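Reviewing the structure listed below.
Since we're looking at a predicted model, the values are computed, not measured.
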Amino acid sequence: MVPTEFLVHNVHNLLHLCDDARTFGTLDSFINFGFENYLLKLKKLVRKPNNILSQIMRRLSEISNAETSPVNNENNELSYTLWKEHNNGILIDDCISPQYQEINFPNYKLDLTKRNCCCKLKCGAFVEISNFAYSPLSKETMVIGKQYSTIENFFNTPCDSSVVNVHIV
């Protein structure tokens, strides 16, 4: 038996689990894990301790109004989806709005945040992404950014870090 000073609500509920299963059937028919998981999603939408309900409604509205635009590249090798339309990014010649802050591929995403804005191109160049914008001339989404000119290994022991695609730019 569990000493009463250690008997908390969750442990106490375990004492009644067998009786509840006999009364209500299998656990799936009366547990509320799905509800608790959704509460966690709602909790993640709250940024400040004030006006919680209005914050949740605002975030849910932002999510439902998010612009998406699935587009394939010219070789139809890889599909991607553009998210978070905006109008205040860097544009180059022949590029116009719509502009996007995020591009999602099947196995990864790139966006304008520091942690997700660098990538290695097929040609081997490293680029820091500043914007995603539309080019009416080529009828494609363009990646706008700056190419790093100096790329070095982050470590050389036990092997060069470039073997595992780790670099200092």
Side-chain angles (χ1 to χ4, degrees), residues 1-73 76-91 95-121 126-135 139-146 154 164-167 169:
M1 194 67 166
V2 177
T4 56
E5 64 264 16
F6 297 112
L7 193 61
V8 294
H9 181 70
N10 290 339
V11 174
H12 178 78
N13 285 341
L14 289 176
L15 296 173
H16 301 285
L17 192 58
C18 291
D19 293 332
D20 289 344
R22 283 187 202 101
T23 305
F24 300 112
T26 62
L27 287 177
D28 292 336
S29 64
F30 69 91
I31 59 172
N32 56 354
F33 289 137
F35 177 72
E36 290 172 4
N37 287 342
Y38 192 71
L39 281 178
L40 179 62
K41 290 178 184 178
L42 291 177
K43 185 177 176 183
K44 288 181 179 181
L45 299 175
V46 177
R47 297 179 183 159
K48 297 178 183 176
N50 310 25
N51 303 321
I52 293 171
L53 184 58
S54 53
Q55 287 182 64
I56 291 172
M57 292 305 296
R58 196 173 304 118
R59 295 296 100 65
L60 290 173
S61 174
E62 290 168 0
I63 290 168
S64 69
N65 292 332
E67 294 289 329
T68 61
S69 175
V71 183
N72 289 330
N73 69 358
N76 291 325
E77 294 173 1
L78 189 62
S79 64
Y80 53 88
T81 305
L82 298 163
W83 291 87
K84 300 181 182 173
E85 188 173 337
H86 69 100
N87 294 314
N88 57 351
I90 297 170
L91 290 175
C95 284
I96 59 170
S97 287
Q99 303 172 57
Y100 297 92
Q101 295 178 4
E102 186 175 303
I103 186 168
N104 289 330
F105 295 93
N107 297 322
Y108 62 95
K109 83 171 187 174
L110 298 169
D111 61 36
L112 306 185
T113 62
K114 269 297 192 205
R115 66 177 179 223
N116 291 323
C117 70
C118 290
C119 66
K120 182 179 179 182
L121 304 178
F126 286 84
V127 176
E128 182 177 335
I129 301 166
S130 303
N131 202 5
F132 303 101
Y134 180 72
S135 169
K139 296 183 180 171
E140 293 180 314
T141 300
M142 306 298 278
V143 177
I144 301 168
K146 61 181 178 184
F154 183 64
V164 290
N165 284 323
V166 176
H167 306 275
V169 292

Atom CD1 of I90 with >12 non-hydrogen neighbours under 6.0 angstrom: no
Atom pair CD1/CZ of I56 and R58 - distance to nearest 0.5 Å: 11.0 Å
Close side-chain approach of E128 and K114, heavy atoms under 4.5 Å: yes
Distance in Å, L91 CG paired with M142 CE, rounded so as to fall on 0.5 Å steps: 11.5 Å
N104 side chain near K109 side chain, heavy-atom distance below 4.5 Å: yes
Partner set under ring-ring contact (aromatic ring centres under 6.0 Å, His included) for Y134, not counting sequence neighbours: none
Side chain to side chain, L112 and I129, heavy atoms closer than 4.5 Å: yes
Gap separating the CE atom of M57 from the CG atom of L45, nearest 0.5 angstrom: 11.0 Å
NZ on K84 to OH on Y100, rounded to 0.5 Å: 14.0 Å
Main-chain N/O of N131 paired with Q99 side-chain donor or acceptor, under 3.5 Å: no
Reported CG-to-CG distance for the pair L53 and N50, which is rounded to 0.5 angstrom: 13.5 Å
Contact summary for C119 and L110, nearest pair of heavy atoms: CB-CD2, 4.1 Å
N/O donor-acceptor pair under 3.5 Å between E85 side chain and P98 backbone: no
Side chains of I144 and F132 in contact at under 4.5 Å (non-hydrogen atoms): no
Contacts of type salt bridge (charged side-chain N to carboxylate O under 4.0 Å, His left out), residue K146, not counting sequence neighbours: none
